[in-house]
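Everything on this sheet refers to the single structure shown next.
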Amino acid sequence: MLKQFLNLKLSQKLSPQQIQLMKLIQLPTQAFEQRLLEEMNENPALEAGKEDDYEADEYANDDYDDYDDNESDRIEADDINIDEYLSDDDTPDYKTQVNNYSDDEERETPFAAPISFHQDLINQLNTFILNDEEREIAEFLVGSIDDMGYIRRSIPDIVDDMAFTQGIYTDEAMVEKMLTVIHELEPSGVGARDLQECLLLQLKHKTPTEYVDLAIDIIENQFDAFTKKHYDKLLQKYSVSNEQLKKAIHEIERLNPKPGGSFAGNNKVTENIVPDFAIRIVDGELELTLNGRNAPSLHVSKDYQEMMQTYKESKDKSTAQKDAVQFIKQKLDSAKWFIDAIRQRQETLFVTMNAIMHYQEEYFLDGDETKLKPMILKDIADMVGLDISTISRVANSKYVETPYGTKLIKEFFSEAMKNDQGEDVSTLEIKKILQNTIEEEDKRKPLPDDQLAEILKEKGYPIARRTIAKYREQLDIPVARMRKKI
């Protein structure tokens with residue numbers, strides 16, 4: 001039997017303007033300013049500043065609508081899910097890294113060009129008396145050091161690589177000899193092949209003391225017990241007091257496990273967050289403001305409007321003039337659309353953040369994270385009448401300055417869980433209580449996950465041990481054994 005199926009698919013096509021509006025909404029302040037500059041550079045009909053004594057829409061009702069190729073659509077942000085319209089190629093930088101720098105970082109100020117980590121090591125090698133063969137090997141070893149300061153390849157592999165790629169024929173003994181030279185370079189610990197060797201190199205560069213000597217012995221002979229924090233075993237092994245072992249451990253904890261990472265030339269520029277919103281408490285009430293950099297003053301070029309008016313009044317309309325006026329009208333339409341899109345962006349950002357602020361009013365009034373309510377994207381979308389994808393674009397990349405610090409907006413969203421009273425509580429509240437419980441524990445006997453689960457249950461939060469483990473990992477808190485101190 002032949003069955004015939006009718007598949008109906010309802011799809012909403014978005015205009016290019018609607019897609020561009022969605023892209024504008026998801027931009028944080030710094031990226032939005034860059035987009036604004038690009039638009040002003042590309043469109044001479046768009047000008048900054050307030051318009052004086054000129055009606056911005058004067059040309060809008062002229063008689064040249066027949067030059068429009070397409071009827072411009074009213075931009076609507078409501079009920080639009082445009083993920084499928086944004087290809088990977090359209091994904092801006094701020095989606096893969098936080099792109100919220102202050103203006104100060106973009107000013108071109110003369111400064112001395114920093115040398116690289118590896119060039120600094122080469123410069124140090126020049127202070128050693130080496131023959132040509134030794135220098136070639138030493139420089140190859142420097143080139144094998146990663147940004148963290150380690151050589152993560154075996155000596156036989158290095159010997160083979162030098163022979164095949166550089167034509168340097170040597171043996172393992174010579175490479176080992178040159179490696180001892182590398183180990184004399186700064187920062188101390190550079191050129192180590194593993195963490196144990198890195199710590200040993202740094203300890204051996206220290207001025208010998210009772211506690212440094214004990215630390216060297218521990219790392220050299222009891223490294224496994226040290227990493228697993230088996231302090232009782234170490235106390236028994238070395239027959240020392242708690243205080244002596246504590247001071248030796250302190251010497252180790254002061255070392256740098258990533259010596260290359262401390263080099264100034266390797267450090268990434270510290271990101272200075274530019275808040276998109278600010279929340280203040282005025283006379284016991286919350287007050288929300290949008291960063292003024294998100295609300296620039298723009299207007300349509302007076303010169304371009306006058307050119308349109310001149311053409312309208314002209315009796316002799318040549319083909320060249322018609323082509324010119326088509327270009328002018330296109331730029332004017334684009335400028336008007338962009339100004340309108342920015343206004344809609346401002347409104348969307350403000351109403352969304354305003355809804356979030358009132359939803360989490362208790363938290364914003366006193367900063368107690370345990371007062372954060374369960375809140376999902378749909379809650380805010382329903383409040384403001386916008387699509388969930390629009391709320392997501394506002395929350396994912398925007399920051400708000402509060403009396404308690406600058407926060408990423410998406411951090412205020414969380415799922416709900418039931419407490420022992422059957423009430424919905426935020427997972428953020430539970431995580432905060434878990435974090436406080438761990439901070440208050442006896443570090444000599446840290447609490448394992450099952451005991452943490454029991455404590456939270458007593459506090460009214462019945463949570464499984466595996467959930468405790470998940471939340472602890474999300475808070476970047478290690479297991480009980482790794483939190484142990486003496």
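Atoms CZ and CD, on Arg254 and Gln202 in that order, are 11.5 Å from each other to the nearest 0.5 Å. Residue Lys432 holds its NZ atom at 14.5 Å from CD1 of Ile430, rounded to the nearest 0.5 Å. Atom CZ of Phe277 and atom CG of Leu290 lie 5.5 Å apart (nearest 0.5 Å). Separation of atoms CD1 (Ile25) and OG1 (Thr352) is listed at 8.0 Å; rounding is to 0.5 Å. With rounding to the nearest 0.5 angstrom, the CG atom of Asn354 is 11.5 Å from the OG1 atom of Thr289. Expressed to the nearest 0.5 Å, how far CG of Leu456 lies from CZ of Arg465 amounts to 14.0 Å.
Panel note: side chain Arg472, backbone Ile438; no donor-acceptor pair is recorded below 3.5 Å. A donor-acceptor contact shorter than 3.5 Å is absent between the side chain of Ser392 and the backbone of Ile388. Proximity of a side-chain donor or acceptor of Ser397 to a complementary backbone N or O of Gln26 within less than 3.5 Å is detected. Without hydrogens or angle criteria, Ser144 side chain to Phe140 main chain gives a donor-acceptor distance under 3.5 Å. With hydrogens and angles disregarded, a donor-acceptor distance shorter than 3.5 Å links the side chain of Arg483 to the backbone of Pro478. Side-chain N or O atoms of Thr348 include one that pairs as donor or acceptor with a backbone N or O of Gln344 at under 3.5 Å. Judged purely by atom type and a 3.5 angstrom limit, Lys398 uses its side chain to pair as donor or acceptor with the backbone of Arg393. With hydrogens and angles ignored, the 3.5 Å screen pairs no side-chain donor or acceptor of Asp276 with any backbone N or O of Pro28. At least one donor-acceptor pair under 3.5 Å links the side chain of Thr127 to the backbone N or O of Gln124.
Between Ile155 and Leu179, some side-chain heavy-atom pair lies under the 4.5 Å cut-off. With a 4.5 Å cut-off on side-chain heavy atoms, Thr29 and Tyr399 do not count as touching. Looking at heavy atoms from C-beta onward, Leu372 lies out of side-chain contact with Ser414 at the 4.5 angstrom threshold. Two residues are said to be in side-chain contact when any heavy atoms from C-beta on lie closer than 4.5 Å; Glu401 and Val274 fail this criterion. Side-chain contact between Tyr461 and Ile433: present, with at least one pair of heavy atoms (C-beta onward) separated by less than 4.5 Å. Between Met375 and Gln360, the closest side-chain pair of non-hydrogen atoms falls below 4.5 Å. Within the 4.5 Å cutoff, the side chain of Leu195 has heavy atoms near those of the Tyr150 side chain. Inter-residue side-chain proximity for Asp379 and Met383 is flagged as unmet; no heavy-atom pair is nearer than 4.5 Å.
Of all the heavy atoms in Ala453 and Ile463, the pair that sits closest is CB-O, 3.6 Å. Here the closest heavy-atom approach between residue Asp449 and residue Ala469 is recorded as OD2-CB, 3.5 Å. Nearest heavy-atom pair across Ile182 and Ala138 is CD1-O, 3.7 Å. The two atoms that bring Phe350 and Leu288 nearest to each other are CE1-O, 3.7 Å, heavy atoms only. In terms of heavy atoms, Leu475 sits closest to Leu434 at CD1-CD2, 4.3 Å. Closest of all the heavy-atom pairs between Pro187 and Phe117 is CD-CE1, 4.1 Å.
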For this session: Apply side chain to side chain contact (heavy atoms under 4.5 Å, CB included) to the pair Tyr471 and Ile477, showing each step before the final yes or no.
Result: CA-CA 9 Å; Tyr471 288 173; Ile477 298 175; over 6 Å; no
Problem set entry | From CA spacing to verdict: side chain to side chain contact (heavy atoms under 4.5 Å, CB included), Ile342, Gln346 | CA-CA 6 Å; Ile342 287 179; Gln346 294 169 18; 3.2 Å; yes
For this session: Carefully, step by step, assess Gln34 and Leu27 under the rule side chain to side chain contact (heavy atoms under 4.5 Å, CB included).
Result: CA-CA 10 Å; Gln34 183 62 37; Leu27 294 177; over 6 Å; no
For this session: Check the pair Met353, Val394 against side chain to side chain contact (heavy atoms under 4.5 Å, CB included), reporting the backbone distance first and the verdict last.
Result: CA-CA 8 Å; Met353 187 62 227; Val394 173; 5.7 Å; no
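The residues Arg193 and Glu197 are annotated as salt-bridged, a charged nitrogen and a carboxylate oxygen being separated by less than 4.0 angstrom. Between Glu347 and Arg343 there is no salt bridge, since none of the side-chain N atoms of the basic residue sits less than 4.0 Å from a carboxylate O of the acidic one. With respect to the salt-bridge test (charged N to carboxylate O, under 4.0 angstrom), the residues Asp161 and Arg153 qualify. At a threshold of 4.0 Å, the pair Lys336-Asp340 does not count as salt-bridged, since none of the basic side-chain nitrogens sits closer than that to a carboxylate oxygen. The pair Lys371-Glu429 fails the salt-bridge criterion, with no side-chain N (NZ, NE, NH1 or NH2) lying under 4.0 Å from an Asp/Glu carboxylate O.
A donor-acceptor contact closer than 3.5 angstrom is absent between the side chains of Glu369 and Tyr404. A donor and an acceptor atom, one from each side chain of Asp387 and Thr390, are nowhere located under 3.5 Å apart.
Checked against Arg35 for a side-chain hydrogen bond (donor to acceptor under 3.5 Å, both in side chains), the options Glu39, Glu33, Glu38 give a single hit: Glu39.
Heavy-atom neighbours of Lys459 NZ from other residues, nucleotides or ligands within 6.0 Å: at or below the threshold of 12. Residue Lys410 qualifies as open at atom NZ: its count of foreign heavy atoms under 6.0 Å is 12 or below.
The aromatic rings of Tyr363 and Phe412 lie tilted to each other, with the angle between the two planes from 30° to 60°.
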